[in-house]
Amino acid sequence: MVQVTPFLLVLLLALGAHGLSVKKKCSLPGRWVNDLGSNMTITTVNGNGVFVGSYHTAVTATSNEIQLSPLQGSLQKSLNQKSQPTFGFTVNWSFSDSITVFTGQCFVDEYGKEVLRTMWLLRSHVENIKNDWKATRVGTNVFTRLQSQE
């Protein structure tokens, strides 16, 4: 039987651990900003994956004054609790006759930063079915976590 000195054992463990990385779990609660400057806050995610929050858009197609709008959504819950979960949420715009649904995934990038990659559909109210063709818009947004100013 080969004997290993304590020094060599510690050295081998240290070298082996260097190659292992702890995978950070992406978490939705908090404050986020997207590539257009819109701000979103997700306040809670319950045990079933249901969450609520608020959205303050930086862009709009209406002449109405932009107001903070409520959002509600759902985080995909699975038995193995994925570290980069998928989610969806709806924003019911407080200042216009429209609603937007977002779907996306929460990622941790190579620098350990959380990023939300989303796609959205915005449905605006139209007066009649003949104008239905112009009622839906589609787009994408990338959100990054806002760091607290403590």
Side-chain angles (χ1 to χ4, degrees), residues 9-127 129 131-150:
L9 184 59
V10 170
L11 181 62
L12 288 172
L13 289 172
L15 290 173
H18 177 72
L20 299 175
S21 62
V22 176
K23 194 156 198 165
K24 182 178 178 184
K25 187 173 183 177
C26 198
S27 177
L28 287 183
R31 296 178 51 224
W32 300 86
V33 63
N34 72 18
D35 45 330
L36 297 175
S38 298
N39 288 281
M40 172 177 67
T41 301
I42 297 174
T43 54
T44 60
V45 178
N46 73 17
N48 294 323
V50 176
F51 60 88
V52 295
S54 59
Y55 199 104
H56 191 264
T57 187
V59 296
T60 183
T62 74
S63 58
N64 299 342
E65 180 183 346
I66 294 173
Q67 298 174 12
L68 191 65
S69 299
L71 71 79
Q72 56 185 345
S74 182
L75 172 70
Q76 178 61 42
K77 300 296 281 185
S78 64
L79 296 176
N80 59 1
Q81 297 294 305
K82 303 267 188 231
S83 63
Q84 299 188 118
T86 57
F87 60 88
F89 63 89
T90 302
V91 179
N92 186 356
W93 302 109
S94 301
F95 58 92
S96 70
D97 291 333
S98 60
I99 196 161
T100 302
V101 293
F102 288 78
T103 186
Q105 187 168 355
C106 188
F107 291 102
V108 177
D109 71 12
E110 63 270 19
Y111 305 106
K113 298 205 185 263
E114 295 165 298
V115 177
L116 306 180
R117 301 285 262 172
T118 65
M119 175 172 263
W120 52 263
L121 289 172
L122 180 142
R123 177 65 187 209
S124 298
H125 176 267
V126 291
E127 293 302 319
I129 199 165
N131 290 324
D132 184 59
W133 66 272
K134 64 180 180 178
T136 303
R137 295 185 176 127
V138 62
T140 60
N141 284 121
V142 177
F143 291 83
T144 54
R145 186 176 294 283
L146 278 171
Q147 300 304 317
S148 61
Q149 304 293 322
E150 299 177 299

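These numbers come from a predicted model, not from an experiment.
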Open item on the list: For Glu127, I'd like to know if atom CD has over 12 heavy atoms of other residues, nucleotides or ligands within 6.0 Å.
Closed with: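 No - once you tally the heavy atoms of other residues, nucleotides and ligands closer than 6.0 Å, there are 12 at most.
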Open item on the list: Heavy-atom count check: over 12 atoms from other residues, nucleotides or ligands less than 6.0 Å from Gln72 CD?
Closed with: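 Atom CD in Gln72 is not packed in, count stays at 12 or less.
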[atom1]-[atom2] distance between [X] and [Y], expressed to the nearest 0.5 angstrom:
X: Phe51; Y: Leu28; atom1: CZ; atom2: CG; value: 5.5 Å
X: Gln84; Y: Asp109; atom1: CD; atom2: CG; value: 9.5 Å
X: His56; Y: Met40; atom1: NE2; atom2: CE; value: 14.5 Å
X: Leu71; Y: Asn92; atom1: CG; atom2: CG; value: 10.5 Å
X: Ile99; Y: Leu122; atom1: CD1; atom2: CG; value: 9.5 Å
X: Gln105; Y: Leu116; atom1: CD; atom2: CG; value: 10.0 Å

Task: Minimal non-hydrogen separation, Leu36 against Ala58, with atom names - done: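 Closest approach of Leu36 to Ala58: O-CB, 3.5 Å.
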Task: Residue pair Ser94 / Leu68: nearest heavy atoms and the distance that separates them - done: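 Taking every non-hydrogen atom into account, OG-O, 3.1 Å.
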[X] vs [Y] side-chain heavy atoms within contact, under 4.5 Å:
X: Trp120; Y: Val101; result: no
X: Phe87; Y: Thr118; result: yes
X: Phe102; Y: Asn141; result: yes
X: Pro85; Y: Cys26; result: yes

- [ ] Decide, yes or no, whether a salt bridge links Asp97 with Arg123 under the criterion of side-chain N to carboxylate O below 4.0 Å.
- [x]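 Salt bridge between Asp97 and Arg123, a charged N being under 4.0 Å from a carboxylate O: no.
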Task: Partners meeting salt bridge (charged side-chain N to carboxylate O under 4.0 Å, His left out) with Arg137 (sequence neighbours left out) - done: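 With neighbours one apart ignored, the set is empty.
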Do [X] side-chain atoms and [Y] backbone N/O form a donor-acceptor pair below 3.5 Å?
X: Asn48; Y: Val50; result: no
X: Ser54; Y: Pro70; result: no
X: Ser69; Y: Val91; result: no
X: Asn39; Y: Val33; result: no

Open item on the list: Between Thr44 and Val52, is the side-chain contact (heavy atoms from CB on, under 4.5 Å) condition met? List the steps.
Closed with: CA-CA 6 Å; Thr44 60; Val52 295; 3.6 Å; yes
Open item on the list: Between Arg145 and Ser27, is the side-chain contact (heavy atoms from CB on, under 4.5 Å) condition met? List the steps.
Closed with: CA-CA 10 Å; Arg145 186 176 294 283; Ser27 177; 4.3 Å; yes
TODO: Could you walk me through whether Val142 and Val115 pass the side-chain contact (heavy atoms from CB on, under 4.5 Å) test, one step at a time?
DONE: CA-CA 7 Å; Val142 177; Val115 177; 3.5 Å; yes
Open item on the list: Determine whether the aromatic ring centres of residues Phe107 and Phe143 are separated by less than 6.0 angstrom.
Closed with: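 No; Phe107 has its ring centre 6.0 Å or more from that of Phe143.
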TODO: Would you please say whether a donor-acceptor pair under 3.5 Å links the side chains of Trp32 and Thr41?
DONE: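 The answer is no; no qualifying pair exists.
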TODO: Using only heavy-atom distances, determine whether the side chains of Asn34 and Tyr55 contain a donor-acceptor pair under 3.5 Å.
DONE: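 Their side chains do contain a donor-acceptor pair, which is all the 3.5 Å distance test asks for.
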Task: For Ser98, all residues meeting side chain to side chain donor-acceptor pair (under 3.5 Å), sequence neighbours excluded - done: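 With neighbours one apart ignored, the set is Ser96.
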